[in-house]
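Have a look at the structure below, then the notes.
The basis for the numbers below is simple: all heavy atoms, side chains too, and nothing from hydrogens, waters or symmetry mates. In what follows, every chain begins at residue 1, and chains take the letters A, B, ... in the order their sequences are listed.
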Amino acid sequence: MPELPEVETTRQGIAPHCEGRRIRRLLIRNPALRWPVPADLPARMEGHTIHAVDRRGKYILIRLDAGTAIVHLGMSGSMRVVTGPAPPLKHDHVELQLDNELIIRFNDPRRFGCWLWSDTPDQHPLLNALGPEPLAAEFTGALLYRLARGRQVAVKSFIMDSRVVVGVGNIYANEALFKAGIHPNRKAGRISADRYHRLAEAIRETLSAAILMGGTTLRDFVNSDGKPGYFAQSLLVYGKRGQPCPACQRPLREVRTGQRSTVYCGHCQR
DNA sequence: AGTTTAACCTGGGTGC
DNA sequence: TGCACCCAGGTTAAAC
């Protein structure tokens, strides 16, 4: 499921309900996520006040006065705001009960997500080596060009590397490369500074547009109200193998780049 | 050191 | 219907 736009959509959905609220209870129904949910997480969170719900890359940071919960949605995770008494759904593994009767339920069928705790999240091993936010000023074509010197890896894998830039998953990597006219399998070190400038711009545009539309729902992504995102109807190439290129009408091709499906136009992308 | 591969899981779709 | 198989939005860690 979630790439950066979906995580940001989720964050925006739950933050207004959480911020300033005290946690009445943290209920863990199934601690077997990507890593085990720490047994002392309820004790660390219950009774404390949520100062902010932030995002770093695809991580949601629930900041309390006493430390920070680090939450990842993995490939199939979502969070719902539940207002009244309602039985938990299958795969509702964690829930945050607030002092205003609202409940935030974390649902994750594949259990690739996580709930961890850190007193210093910026220094946490999962966060301390992350690259820049794609929508921040320090993310530029010049940065991509510099980091790509000498790299033999396919440019698609390069921009999906969270040490280079965070938040670009398979869907948006395909979309941004199409917009920039760059072949996904071109070696990262063999692309000009000018073309990296276009690519950085395409990444920013694609992610911004997707956030405005509430993310992309392919199968199961829902926002905190349980509604899907609508960016799927704006996709240019992802999932469209064999369909005409939006620019030149030639059929789009599909290959695999490091285990991931890659769709591109062999004419428009070089 | 850079790059590729396997692994963590469930569920939906497809083909026999 | 059933079953085997393949695929999926992420990321780490081990293996080349």
Side-chain angles (χ1 to χ4, degrees), chain A residues 1-11 29-37 55-60 70-79 89-94 106-116 124-131 134 147-177 184-190 203 206-207 210-211 213-223 228-241 254-263:
Chain A
M1 171 196 47
E3 300 186 30
L4 187 146
E6 292 73 39
V7 178
E8 177 61 18
T9 297
T10 299
R11 187 199 70 77
R29 291 201 172 80
N30 183 357
L33 303 183
R34 177 74 160 85
W35 298 280
V37 179
R55 179 186 59 72
R56 177 73 177 100
K58 296 173 189 167
Y59 294 91
I60 292 173
I70 300 172
V71 180
H72 199 289
L73 302 178
M75 280 179 84
S76 59
S78 62
M79 301 232 242
L89 303 179
K90 194 175 183 183
H91 308 302
D92 277 349
H93 303 312
V94 179
F106 171 83
N107 185 284
D108 185 9
R110 292 175 68 182
R111 290 191 275 120
F112 284 3
C114 69
W115 278 69
L116 299 172
H124 190 279
L126 291 171
L127 303 182
N128 66 8
L130 292 179
L147 292 179
R149 293 310 84 208
R151 297 290 306 271
Q152 298 291 306
V153 70
V155 61
K156 179 166 179 254
S157 301
F158 177 68
I159 60 171
M160 289 176 70
D161 182 344
S162 63
R163 291 164 300 185
V164 174
V165 57
V166 298
V168 182
N170 198 36
I171 296 176
Y172 300 112
N174 280 297
E175 296 296 299
L177 287 165
N185 285 351
R186 176 168 291 278
K187 290 183 186 345
R190 301 292 310 255
I203 289 171
T206 305
L207 294 177
I211 290 169
M213 300 191 72
T216 302
T217 296
L218 295 183
R219 279 170 207 81
D220 46 21
F221 175 72
V222 291
N223 66 17
Y230 295 99
F231 191 72
Q233 56 204 62
S234 301
L235 293 175
L236 299 170
V237 294
Y238 182 83
K240 296 184 184 295
R241 170 185 56 183
E254 179 168 352
V255 295
R256 297 196 80 73
T257 308
Q259 272 34 29
R260 318 302 296 275
S261 89
T262 299
V263 185

>> The test is side chain to side chain contact (heavy atoms under 4.5 Å, CB included); show your working for A:V71 and A:V94 and say whether it passes.
In response: CA-CA 11 Å; A:V71 180; A:V94 179; over 6 Å; no

Please list, for nucleotides 7-9 of chain B, all pairs of protein and nucleotide N/O atoms separated by less than 3.5 Å.
from  : atom 1 : to     : atom 2 : distance (Å)
B:dC9 : O3'    : A:R111 : NH2    : 2.9
B:dC9 : O2     : A:R110 : NE     : 3.1

Apply ring-ring contact (aromatic ring centres under 6.0 Å, His included) to [X] and list each qualifying residue two or more places apart in sequence or on a separate chain.
X: A:H124; answer: none
X: A:Y59; answer: A:H72
X: A:F231; answer: A:Y172

Is the distance from OP1 or OP2 of [N] to the nearest side-chain N or O of [X] less than 4.0 Å?
X: A:Y172; N: C:dG9; value: no
X: A:H72; N: C:dG10; value: no
X: A:K90; N: B:dG11; value: yes

>> Tell me every residue that passes side chain to side chain donor-acceptor pair (under 3.5 Å) with A:T262, counting only those two or more places apart in sequence or in another chain.
In response: A:K156, A:T257

> Who passes side chain to side chain donor-acceptor pair (under 3.5 Å) against A:R256, sequence neighbours left out?
Replying inline: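 So A:R256 forms no side chain to side chain donor-acceptor pair (under 3.5 Å) with any residue.
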
Partners passing salt bridge (charged side-chain N to carboxylate O under 4.0 Å, His left out) against [X] (at least two apart in sequence or in another chain):
X: A:R55; value: A:E8, A:E133
X: A:R34; value: none
X: A:R241; value: A:E254

Check nucleotides 1-3 of chain B for protein N or O atoms closer than 3.5 Å to its own N or O atoms and list the pairs.
from  : atom 1 : to     : atom 2 : distance (Å)
B:dT3 : OP1    : A:Q152 : N      : 2.5
B:dT3 : OP1    : A:V153 : N      : 3.1
B:dT3 : OP2    : A:R151 : NE     : 2.5
B:dT3 : OP2    : A:R151 : NH2    : 2.8

> Under a 3.5 Å cutoff on both atom distances, Watson-Crick or G-U, what's the dot-bracket for DNA chain B ([ ] crossing, | other strand)?
Replying inline: .|||||||.|||||||

> So do A:V153 and A:D161 actually touch side chain to side chain, heavy atoms under 4.5 Å?
Replying inline: no

> If the P atom of C:dT11 is compared with that of B:dA1, how far apart are they to the nearest Å?
Replying inline: 24 Å

> Between A:A154 and A:H91, who's closer to the 5' end of DNA chain B by nearest nucleotide?
Replying inline: A:A154

> Which residues, if any, of residues 255-263 of chain A bring a heavy atom under 4.0 Å of DNA chain C?
Replying inline: A:R256, A:R260, A:S261

